[in-house]
Amino acid sequence: MLTAKYGHMRAVPRDFYGRDVVTVSRELLGKVLVRQEGRRVRAGRIVEVEAYLGIDDPAAHSAAGKTARNFVLFGPPGRAYIYFIYGNHYCLNFSCEPDGKAGGVLIRALEPLVGLELMAEARGIEGDLTKLSQRRSLTSGPGRLAEAFDITRERDNDKNVTLAKSDLRVVDDGFRPEKIAVTPRIGITKAADEQLRFVVAGNAFVSGKAFSR
DNA sequence: ATATCGATTATCT
DNA sequence: GATAATCGATATG
């Protein structure tokens, strides 16, 4: 059964995250985010990410040094850094670089694989999930995917996503993107021209304008 | 199809 | 007191 497939797959190890942020960002494309609560499994393929460098990146939360908010970015690799933004939304990142060095990858969009009904429920969406437009609205955007996976700062910040027992983790099912596209990051004002957004080229679940029919 | 705008709060100046 | 790594609703072409 498909849920069992992602439920038992090996987690991506800590060493994967303990490298430079750009490399980790590119290689995270195609990996699978899993939320497992007992028998209830949600899984989605990572199709869009952004790299936030350490203290040398004005757009990064870590730019001004370690604070109570951003300490996870400075800690060990492979931890979830969750921040709350615009009074409305949580966003999910993974800490990268070796312990003590800042850096993180923002997860911007997922292709839903398993547990779409659970995602729709978490999002408060009632619609026909056989329609691409409805499936897209589940997880195409950082705030949306966090809501779809019930990700909050209180629940998930600093959580180790490399552990098989973690209810929030990242696994590798062997999928590799054919082609990766690189663009500037979305929604920032500082360092807005840096090419640090990475997407699975042609994937319909990348955030932004919907594909027309 | 694109543009504009309000919501709502943790964080930092 | 201003801002923010966003979203969804509404308005307009």
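The structure presented is a predicted model; accordingly, all values stated were derived computationally and were not measured. All chains are named by letter (A, B, ...) in the order of the sequence lines, taking the proteins before the strands, and each is independently numbered beginning at 1.
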For A/His89 and for A/Arg69, find the nucleotide of DNA chain B with the closest heavy atom, then tell me which residue's nucleotide is more 5'.
A/His89
For DNA chain B, whose closest nucleotide is more 5', that of A/Arg153 or that of A/Tyr86?
A/Tyr86
With the threshold set at 4.0 Å, does a side-chain nitrogen-carboxylate oxygen contact exist between A/Lys159 and A/Asp167?
yes
Among A/Arg40, A/Arg35, A/Arg42, A/Arg123, find the residue that satisfies the salt bridge (charged side-chain N to carboxylate O under 4.0 Å, His left out) test when tested with A/Asp150.
A/Arg42
In whole Å, what is the span from the [atom1] atom of [X] to the [atom2] atom of [N]?
| X | N | atom1 | atom2 | answer |
| --- | --- | --- | --- | --- |
| A/Arg144 | C/dA9 | CZ | C1' | 12 Å |
| A/Glu154 | B/dT9 | CD | C1' | 12 Å |
| A/Leu138 | C/dG8 | CG | C1' | 15 Å |

Does the B/dA10 base have a donor-acceptor partner in the side chain of A/Tyr83 within less than 3.5 Å?
no
Is [X] near enough to [N] that one of its side-chain N or O atoms lies under 4.0 angstrom from OP1 or OP2?
| X | N | value |
| --- | --- | --- |
| A/Arg108 | C/dT6 | yes |
| A/Thr189 | C/dT3 | no |
| A/Arg123 | C/dC7 | no |

Within the structure shown, what part of the strands sits under 4.0 Å from A/Ile188 by heavy-atom distance: base, sugar-phosphate, or nothing?
sugar-phosphate
Under 4.0 Å, heavy atoms only, any strand: does A/Gly143 hit a base, just the sugar-phosphate, or nothing?
sugar-phosphate
Is A/Arg185 close enough and on-axis enough to A/Tyr52, meaning under 6.0 Å and within 45°, for cation-pi?
yes
Aromatic A/Phe16 / basic A/Arg19 pairing, under 6.0 angstrom, 45° off normal
yes
Are the ring of A/Tyr52 and the six-membered base ring of C/dA5 within the stacking cut-offs of under 5.5 Å and under 30°?
yes
